[in-house]
*Asks:* 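After the structure tokens below, expect a handful of questions from me.
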Amino acid sequence: MIDFSLNDEQKALQEMAREFALKEMRPNAARYDKGDAAPDEVMRKAFEAGFLTCNIPAEYGGGGLGNLDTAIISEELAWGCAGMFTSMMACSLALTPILLFGTDEQKKKFFAPFVREKNFAAFCLTEREAGSDAGATKTRALREGDHYVINGSKCFITNGGISSLYVVFALTDPDKGIRGVSAIVVPRDSPGIVIGKEEDKLGHRASNTVEMTFEDVRVPAGNLLAKEGMGFIVAMKTLDKTRASVGAAGVGIARAALEHAVEYAKTRIQFGKPIALLQNTAFQVAQMAMEVNAARHLVWHAAWLMDQGKPCGKESAMAKCFGSDVAMKTTVEALQIFGGYGYMKDYPMEKLMRDAKLLQIYEGTNEIQRLVISREVIGPIK
Ligand code: COS
């Protein structure tokens, strides 16, 4: 039987996240969108509310929430401010490899600071020459006794400048290409980590994005996740799990744009009546509402599959791709309903549109999602 209703706990989580988004994120969104200050205070409150640690299992002191629970919360937080949400999501993205592949000892050690106080983590996969082609990593991690020595550069690292811990993907065996990549946990206080200048982005300006260089960074060999050479699989399995959250963020942004457009269309009088009564506007609203709903169902389905421990790579890619495309399309159309006002910074539409764009790019471009989906749908060709 299929049950689309949320249970009481999920309804309470949704309500709590919506309240947080409304009271803490929305009133501060425009201020942090300027990008000249970090939303530390909002993040402190987000930590206290448990949003930064909700995916850490309860046995390690976290919220122990499931993937569907997290998707419900993600929609609300992105509805509040996609930029601040990105910082939170990037932190859970970086903790996911530890969650999936860490030993009990590693989980205890690495999760402890995150449940104790506000901390961020960063997922360091992308390089200048290894974006969509994530396996083309050039960063090296050479074994020297009981340590790895890491050298190389990573770019577009969300939370890079504010994190206490990094999960770094680097070649431990350069001759083996993709099968020579390993995933290594690197604490921020390791000497040799150089944080580059903060990127000046189109949207998600409340989040921190930097280039990072690792210069002879020595970390204990015990910080290796899984086995040497398994790093690419670690990255792929992590992204299979986290991409649905990007879809959830897309739903949150699109829903916000739709709600603003409906409110505006009901009060904006042109040709003697509210523009909501014009059939073009009404049909646009209907289309947006259908797509937001469809995107949410894809997200919830992918998250539900994860909670059942079932394969979800294709469904997670669908949720990410469709959810972010819907966010982009809906924000463009909702801005159009606002006409000239939509283009002004006094109204929320232009930020929503700028924020929507990144969802089509990060955690794998939507072209990569289509590649992942089509490979599975088409299957092997003899
Ligand atoms: N789960 C488990 N294993 C996987 C996997 C998955 N989701 N995806 C790939 N693999 C395995 C493959 O089975 C293959 O193993 P074998 O060689 O033993 O058969 C290996 O990994 C290499 O896979 P593949 O041949 O598919 O690699 P490609 O180089 O073609 O790249 C894509 C695959 C394009 C899907 C990958 O590079 C990718 O996701 N790129 C986008 C990266 C990204 O999202 N970046 C964002 C950074 S985080 S903000």
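Indexing begins at 1, ligand by ligand and atom by atom, following the structure's order. What's counted below: heavy atoms across the whole structure, side chains too, no hydrogens, waters or symmetry copies.
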*Asks:* I'd like to know if atom 12 (C) of ligand 1 has any protein heavy atom within a distance of less than 4.0 Å.
*Replies:* no

*Asks:* Which residue supplies the protein heavy atom nearest to atom 46 (C) of ligand 1, what is that atom called, and how far is it?
*Replies:*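 Nearest neighbour among protein heavy atoms for atom 46 (C) of ligand 1, to 0.1 Å: G364 N, 3.4 Å.
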
*Asks:* Between T158 and ligand 1, which part of the residue brings a heavy atom under 4.0 Å of the ligand: side chain, backbone, both or neither?
*Replies:* neither

*Asks:* Considering only heavy atoms, does F232 approach ligand 1 within less than 4.0 Å through its side chain, its backbone, both, or neither?
*Replies:* side chain

*Asks:* Give a yes-or-no answer on whether the side chains of S87 and N159 include a donor-acceptor pair shorter than 3.5 Å.
*Replies:*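 Yes, a side-chain donor-acceptor pair sits under 3.5 Å.
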
*Asks:* Is the distance from the ring center of Y362 to that of H204 below 6.0 Å?
*Replies:* yes

*Asks:* Considering non-hydrogen atoms of the protein only, which is the closest contact for atom 29 (O) of ligand 1, and what is the distance?
*Replies:*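 Here the closest protein heavy atom is I178 CD1, 3.6 Å.
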
*Asks:* Can you report which non-hydrogen protein atom sits closest to atom 19 (O) of ligand 1, along with the distance?
*Replies:*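 Atom 19 (O) of ligand 1 sits closest to the protein heavy atom R179 NH2, 4.2 Å.
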
*Asks:* Kindly state each residue pair satisfying salt bridge (Lys or Arg N to Asp or Glu O under 4.0 Å) with at least one member in residues 72-93, sequence neighbours excluded.
*Replies:*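 The answer is R18-E76, E75-R255, E75-R296, E76-R255.
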
*Asks:* Note the single closest protein heavy atom to atom 9 (C) of ligand 1, along with its residue, its atom name and the distance in Å.
*Replies:*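 Nearest neighbour among protein heavy atoms for atom 9 (C) of ligand 1, to 0.1 Å: M236 CG, 3.9 Å.
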
*Asks:* Taking the side chain as every heavy atom from C-beta outward, state whether T331 and I253 have any atom pair closer than 4.5 Å.
*Replies:* yes

*Asks:* What do you reckon, does S132 put a non-hydrogen atom under 4.0 Å from ligand 1?
*Replies:* yes

*Asks:* Can you confirm whether something in the protein, heavy atoms only, sits under 4.0 Å from atom 32 (C) of ligand 1?
*Replies:* no

*Asks:* Is a donor from one side chain sitting under 3.5 angstrom from an acceptor on the other, for Y148 and E228?
*Replies:* yes

*Asks:* What is the closest protein heavy atom to atom 2 (C) of ligand 1, and at what distance does it sit?
*Replies:* K237 CE, 3.9 Å

*Asks:* When you measure from atom 39 (O) of ligand 1 to each heavy atom in Q369, E363, R243, which option holds the nearest one?
*Replies:*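 Of the listed residues, R243 has the closest heavy atom.
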
*Asks:* Take a 6.0 Å sphere around CD of Q308 and say whether it holds more than 12 heavy atoms from other residues, nucleotides or ligands.
*Replies:* yes

*Asks:* If a pair satisfies side chain to side chain donor-acceptor pair (under 3.5 Å) and one of its residues is in residues 372-382, list it, with sequence neighbours excluded.
*Replies:*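 Every pair satisfying side chain to side chain donor-acceptor pair (under 3.5 Å) with a residue in residues 372-382: there are none.
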
*Asks:* Under a 4.0 angstrom heavy-atom cut-off, which atoms of ligand 1 come close to L371?
*Replies:*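 Numbered from 1, ligand 1 contributes 34 (C).
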
*Asks:* Any N or O of T126 that comes nearer than 3.5 Å to an N or O of ligand 1?
*Replies:*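 By distance alone, the answer is no.
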
*Asks:* Can you tell which of G135, A122, A134 gets a heavy atom nearest to atom 42 (C) of ligand 1?
*Replies:*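 That would be A134.
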
*Asks:* Within the structure, does at least one protein heavy atom fall under 4.0 Å of atom 7 (N) of ligand 1?
*Replies:*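 There is a protein heavy atom less than 4.0 Å from atom 7 (N) of ligand 1.
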
*Asks:* What protein heavy atom lies closest to atom 35 (C) of ligand 1? Include the residue and the distance to one decimal.
*Replies:*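 Answer for atom 35 (C) of ligand 1: V372 CG2, 3.9 Å.
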
*Asks:* Using distance alone, with no hydrogens and no angle criterion, decide if E211 and S153 have a side-chain donor and acceptor under 3.5 Å apart.
*Replies:*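 There is no such pair (donor and acceptor under 3.5 Å, judged by atom type) between the side chains of E211 and S153.
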
*Asks:* For atom 1 (N) of ligand 1, what is the closest protein heavy atom, and at what distance to 0.1 Å?
*Replies:* D240 OD2, 3.8 Å

*Asks:* Just which atoms of ligand 1 are under 4.0 Å from any heavy atom in R375?
*Replies:* 24 (P), 26 (O), 30 (O), 33 (C)

*Asks:* Go through the side-chain N and O atoms of S182 and T172 and say whether any donor and acceptor fall under 3.5 Å apart.
*Replies:*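 Checked: S182/T172 side chains pair up, N/O donor to acceptor below 3.5 Å.
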
*Asks:* For the residue pair N151 / E215, report whether a side-chain donor-acceptor contact shorter than 3.5 Å exists.
*Replies:* no

*Asks:* Hey, is L239 touching ligand 1 through its side chain, its backbone, both or neither, going by heavy atoms under 4.0 Å?
*Replies:*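 The part of L239 near ligand 1 is the side chain, not the backbone.
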
*Asks:* For atom 3 (N) of ligand 1, what is the nearest protein heavy atom, given as residue, atom name and distance?
*Replies:* I233 CD1, 3.5 Å

*Asks:* Checking V186 against I150 for the side chain to side chain contact (heavy atoms under 4.5 Å, CB included) test, could you report, in this order, the C-alpha distance in whole Å, the side-chain angles of both residues, the deciding distance, and whether it holds?
*Replies:* CA-CA 9 Å; V186 179; I150 304 176; 3.6 Å; yes

*Asks:* Hey, what do you get for NZ (K154) to OG1 (T139), rounding to the nearest 0.5 Å?
*Replies:*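 Atom-to-atom, K154:NZ and T139:OG1 are 4.0 Å apart.
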
